[in-house]
Structures are given as C-alpha cells and as structure tokens.
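Structure, as structure tokens:
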2 protein chains.
Amino acid sequence: MSRRPQTEIAILGALSIGPMTGYELRAAITDVLGDFWHESFGQIYPTLATLEESGSVRRATPGRTSGSRFEITSAGRAVLRERLAEPHTAPPPRNALLLRLFFGSELPPGRAAELLRAEIDRATTALGRFAAIRAEVVAEPESEARTFRSLTLSYGEHHARAHLTWAREALAALPQDV
Amino acid sequence: MSRRPQTEIAILGALSIGPMTGYELRAAITDVLGDFWHESFGQIYPTLATLEESGSVRRATPGRTSGSRFEITSAGRAVLRERLAEPHTAPPPRNALLLRLFFGSELPPGRAAELLRAEIDRATTALGRFAAIRAEVVAEPESEARTFRSLTLSYGEHHARAHLTWAREALAALPQDV
DNA sequence: TTTCCCATGTAATCAGTTACATGATTAA
DNA sequence: TTAATCATGTAACTGATTACATGGGAAA
C-alpha cells in the first residue's frame with residue numbers, strides 16, 4: 001500500500017494556486033482549508049524539501065534560502081493529479097466528545113450539559129464564519145474551481161447545522177439532575 | 001499537559017459494563033462504539049497491561065494468562081470518572097474527502113461524481129444501521145445509560161442525514177463534463 | 001485432521017505534533 | 001533600537017496502525 005503522506009497533496013494543491021514560501025503555505029492552508037485540513041511547520045518544511053528533491057516543486061528565486069517562494073513544476077502537477085485520484089481511506093473514527101457522552105452517566109453532574117453547550121457555541125461560530133465565506137463565494141465569477149469551493153463550503157454548512165440541531169435536542173433531552 | 005492516551009478511557013468505560021478479555025473488549029468496542037470509536041489490538045493489550053500494573057483493572061480469574069477476563073477495580077472507576085471529566089481537545093481536522101473535492105478541478109473526469117456517489121452509499125448504509133439500533137434503544141427500559149446511548153445515536157443520525165443531503169446536492173450541482 | 005475462531009502479544013513503522021533554536025526584515 | 005512579524009528548520013516524542021508470530025479449543 002505505502003500510503004504517502006497527504007501533506008504532499010495539500011502542499012502541491014496550495015502551490016497549484018500560486019508560488020508561496022513555507023510560511024505563506026501554512027497561512028494559506030489555515031485560512032482557506034482551515035475548517036477541514038491542517039498542516040504544521042514540522043510537516044511543511046521537511047515535505048517541501050523532499051518535494052524539491054523529487055522535482056515536484058522548485059524555488060522561484062533560486063539562491064536565496066530564506067524567503068524564497070516555491071512554485072509547482074509540471075512534474076509536480078502530474079503528481080498532484082495522480083495523488084488526488086488515489087482512493088482515500090477514512091481514518092478509523094475517534095470522536096472524543098461522543099466517547100465522553102456515551103459514558104455520560106459516569107460524568108460529574110452538569111458536565112454533559114456543559115459539553116453540549118460548548119458544541120452549540122462552536123457550531124454557531126462556525127455557521128457565522130461559513131456565512132461570510134458563502135457571501136464571498138457567491139460574488140466570485142463562475143468557474144469550475146468555484147463550484148468545488150462551494151461544494152466543500154456546503155459540506156461545512158450542512159454538518160454544522162446538523163451539529164447545532166443535535167446538540168440543542170440533546171441538551172433538551174438531558175435529565176435535570178445530570 | 002501530558003495527555004494520557006484515550007484508549008484508557010475506552011477500555012475502562014467498556015469494562016465498567018462488565019468483565020472482558022482483550023479480545024472481547026475489541027469486539028465490544030467495535031460493536032457498540034464502532035461508529036465513533038476504534039481500538040486495535042496493538043493498543044488494547046499494552047494498555048491493559050499498564051492498567052493492570054497501576055491497579056485500575058485486575059484479572060477476574062487470576063493465574064490463567066490466556067482467556068482471563070479483566071474487571072475494573074474501584075480505583076479504576078475513579079480513574080475513569082477523572083479521565084472522562086478532563087477537557088478534550090479536538091484533533092486538528094484532516095478530511096481527506098474534502099481535500100480531494102476542494103482541488104476537484106484537478107481530478108480526472110467523473111472522479112468527483114464517483115466520490116460523491118460513494119458517500120451517498122456510505123451514508124445510506126449508516127442510516128439503515130442506525131435505524132436498527134434506534135429500534136433496540138427505544139425498546140430498552142428507561143435509564144440514565146439509555147439516555148446517553150440515545151444521545152450518541154442521535155448524533156450519528158443527524159450527521160448521516162446531513163451528509164446524505166449534502167452529497168446529493170453536491171452531485172446535482174456538479175457540471176456534466178466533470 | 002483440518003479449519004475456524006478465540007486469544008495474546010511484540011516489533012517495525014508512520015504520520016504528525018510540540019518544543020526548541022535561530023535568524024532576517026520591517027515598522028514603531 | 002526594539003519589538004513584532006516573517007521565515008526556516010530539527011529533535012524528541014507520541015499515539016496509533018500493521019504485520020507478524022504463536023498457540024489453545026471447538027466443531028465440521
């Protein structure tokens with residue numbers, strides 16, 4: 001199998017939009033993909049080095065070591081397309097919130113309600129953020145890229161709404177003394 | 001911080017229902033928590049050993065090494081309650097499906113639709129499974145444990161429905177030539 | 001008697017985070 | 001000139017999976 005790290009996909013994907021330094025890469029990933037993807041510097045820099053070695057990316061301003069932007073090569077674009085097409089296997093589920101709620105009867109009094117209220121806050125905040133992004137996306141000119149951006153945003157919207165509804169219902173269903 | 005592995009919580013939680021061998025533990029976790037939690041043997045056995053050493057669990061039939069069930073001790077119950085009450089930090093998001101869809105314009109033709117159809121299947125299957133569990137839960141006598149079981153099940157139902165709706169909408173929104 | 005399931009465990013490996021160390025550039 | 005931000009990188013660690021090795025017991 002030898003599943004290569006998905007960090008490569010995220011980096012190549014981000015560089016397919018435009019050249020960036022490692023630092024900018026991390027900021028871009030956090031900004032744009034932050035709701036469903038994450039990279040740390042500890043992953044970005046080593047991965048960038050191996051991608052450079054394999055010829056998938058190159059320095060836009062060679063010579064300089066600090067502050068030089070990386071750009072994707074045509075070989076890199078091919079790798080990106082390949083890697084994107086690979087089947088993805090969902091990692092085994094590990095939902096810390098549900099694990100706690102499942103054994104909720106062992107939780108101190110009030111803690112379950114507290115957990116649910118935190119989820120309501122989180123989902124509400126997320127929905128506000130999504131609404132702002134939605135306004136931006138709607139204003140963009142029609143393009144294939146926009147379709148896919150809209151589609152991932154829609155995922156966030158649907159799931160956040162479901163999460164909010166669930167948490168409210170669950171909170172209401174909780175016995176008073178728990 | 002020193003966040004201890006959550007495997008301990010899952011194991012102690014499962015043993016709080018009744019004594020089990022490592023093998024049964026894994027089966028129980030897969031059966032009952034399978035939709036939102038997972039443990040592998042490579043985690044279960046070493047964790048069971050450290051839990052035994054720290055006095056959180058003990059062998060129900062001492063002497064025998066193979067096939068002896070582990071039971072939770074009162075110290076173990078205290079540890080479980082403590083660990084459940086700890087704040088949980090959600091791991092950074094890494095949604096492989098969305099990463100692929102976001103860069104969907106780099107996907108080979110038809111692949112995006114294929115991914116979405118697979119999600120529709122997955123969500124549909126999950127909803128069927130949840131319906132069967134729901135029927136069981138409804139039949140159970142009222143108890144605090146049932147409330148929490150119902151609450152985690154409801155999470156699955158809400159999210160699976162949202163997922164299905166999203167995937168169908170997204171599939172319909174996809175341009176024909178993509 | 002062979003096959004399947006129950007059962008336990010370890011070693012290698014992996015993807016990823018965190019903490020740390022360091023330095024360049026820019027704005028106040 | 002000092003503080004903030006931009007920028008790069010490494011080492012240690014961690015939580016976890018996977019593959020492998022082994023063997024008992026039951027049933028076909």
Side-chain angles (χ1 to χ4, degrees), chain A residues 1-11 14 19-31 33-34 36-53 57 59-70 83 86 88-96 99, chain B residues 1-11 14 19-31 33-34 36-53 57 59-70 83 86 88-96 99:
Chain A
M1 256 267 191
S2 94
R3 308 209 76 306
R4 301 261 293 297
Q6 313 213 75
T7 295
E8 288 188 5
I9 303 182
I11 289 183
M20 281 180 252
T21 67
Y23 191 86
E24 288 168 341
L25 218 28
R26 147 75 180 238
I29 290 172
T30 304
D31 274 20
L33 313 176
F36 58 86
W37 201 259
H38 172 88
E39 293 295 345
S40 66
F41 286 130
Q43 285 285 102
I44 287 177
Y45 287 111
T47 303
L48 229 24
T50 62
L51 285 175
E52 190 183 14
E53 205 182 344
V57 306
R59 284 171 205 272
T61 47
R64 310 185 49 196
T65 53
S66 185
S68 72
R69 294 204 165 76
F70 288 89
R83 299 289 318 272
E86 277 176 10
H88 68 283
T89 48
R94 289 203 137 219
N95 189 322
L99 183 65
Chain B
M1 253 269 188
S2 93
R3 309 208 75 308
R4 301 260 295 295
Q6 312 211 74
T7 295
E8 287 188 4
I9 303 182
I11 289 183
M20 281 180 254
T21 66
Y23 192 87
E24 289 168 339
L25 216 28
R26 145 78 179 238
I29 289 171
T30 303
D31 274 19
L33 314 177
F36 57 85
W37 202 259
H38 172 89
E39 293 295 345
S40 66
F41 286 130
Q43 285 286 101
I44 287 177
Y45 287 111
T47 304
L48 227 25
T50 61
L51 285 174
E52 189 183 17
E53 206 182 344
V57 306
R59 284 171 205 271
T61 46
R64 308 184 51 194
T65 52
S66 185
S68 73
R69 294 205 165 74
F70 287 90
R83 299 290 317 273
E86 277 176 12
H88 68 283
T89 48
R94 289 203 137 220
N95 188 323
L99 183 64

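Lettering of chains follows the sequences in order, A, B, ..., and the numbering in each one begins at 1.
- Within 4.0 Å of Gly42(B), counting heavy atoms only, lies at least one base atom of the nucleic acid.
- Rounded to an integer number of Å, the gap from CD1 of Ile9(A) to C1' of dA15(C) is 13 Å.
- Nearest approach of Ala14(A) to Met20(A), heavy atoms of both residues: O-CE, 3.2 Å.
- In this structure, CG of Leu25(A) is placed 9 Å from P of dT8(D), rounded to the nearest angstrom.
- dA15(C) atom P lies 18 Å from atom CZ of Arg94(A), rounded to whole Å.
- Rounded to whole Å, atom C1' of dC5(C) lies 11 Å from atom CZ of Phe41(B).
- In this entry the distance linking CD1 of Ile44(B) with P of dG15(D) reads 17 Å, nearest Å.
- Summarising the geometry, the separation between CD on Glu39(B) and P on dT18(D) is reported as 13 Å, rounded to the nearest angstrom.
- Among the protein residues, Thr21(A) comes within range of the sugar-phosphate backbone only, with heavy atoms under 4.0 Å from sugar or phosphate atoms but none that close to a base.
- For His38(B) and dA16(D), the shortest distance from a side-chain N or O to OP1 or OP2 is not below 4.0 Å.
- The residue among Pro46(B) and Glu24(B) whose nearest nucleotide of DNA chain C is located toward the 5' end is Glu24(B).
- Considering every non-hydrogen atom in both Glu39(B) and Ala10(B), the closest pair reads OE2-CB, 3.8 Å.
- For the pair Phe70(B) and Val57(B), the tightest heavy-atom approach, listed with the atom from each and the gap, is CD2-CG2, 3.8 Å.
- At whole-Å resolution of the value, OH in Tyr23(A) and C1' in dT26(C) are 13 Å apart.
- The side chain of Tyr45(B) sits closest to dG9(C) out of dA16(D), dG9(C), dT17(C).
- Contact between Phe36(A) and Leu99(B) at its shortest, heavy atoms only, is CE1-N, 3.9 Å.
- Comparing dC5(C), dA15(C), dG15(D) by their nearest atom to the side chain of Pro5(A) picks out dA15(C).
- Regarding contacts with the backbone of dT17(C), a side-chain N or O of Ser40(A) is found under 4.0 angstrom from either OP1 or OP2.
- In this structure, CZ of Arg26(A) is placed 13 Å from C1' of dC6(D), rounded to the nearest angstrom.
- For Arg26(B), the side chain to side chain donor-acceptor pair (under 3.5 Å) criterion is met by no residue, not counting sequence neighbours.
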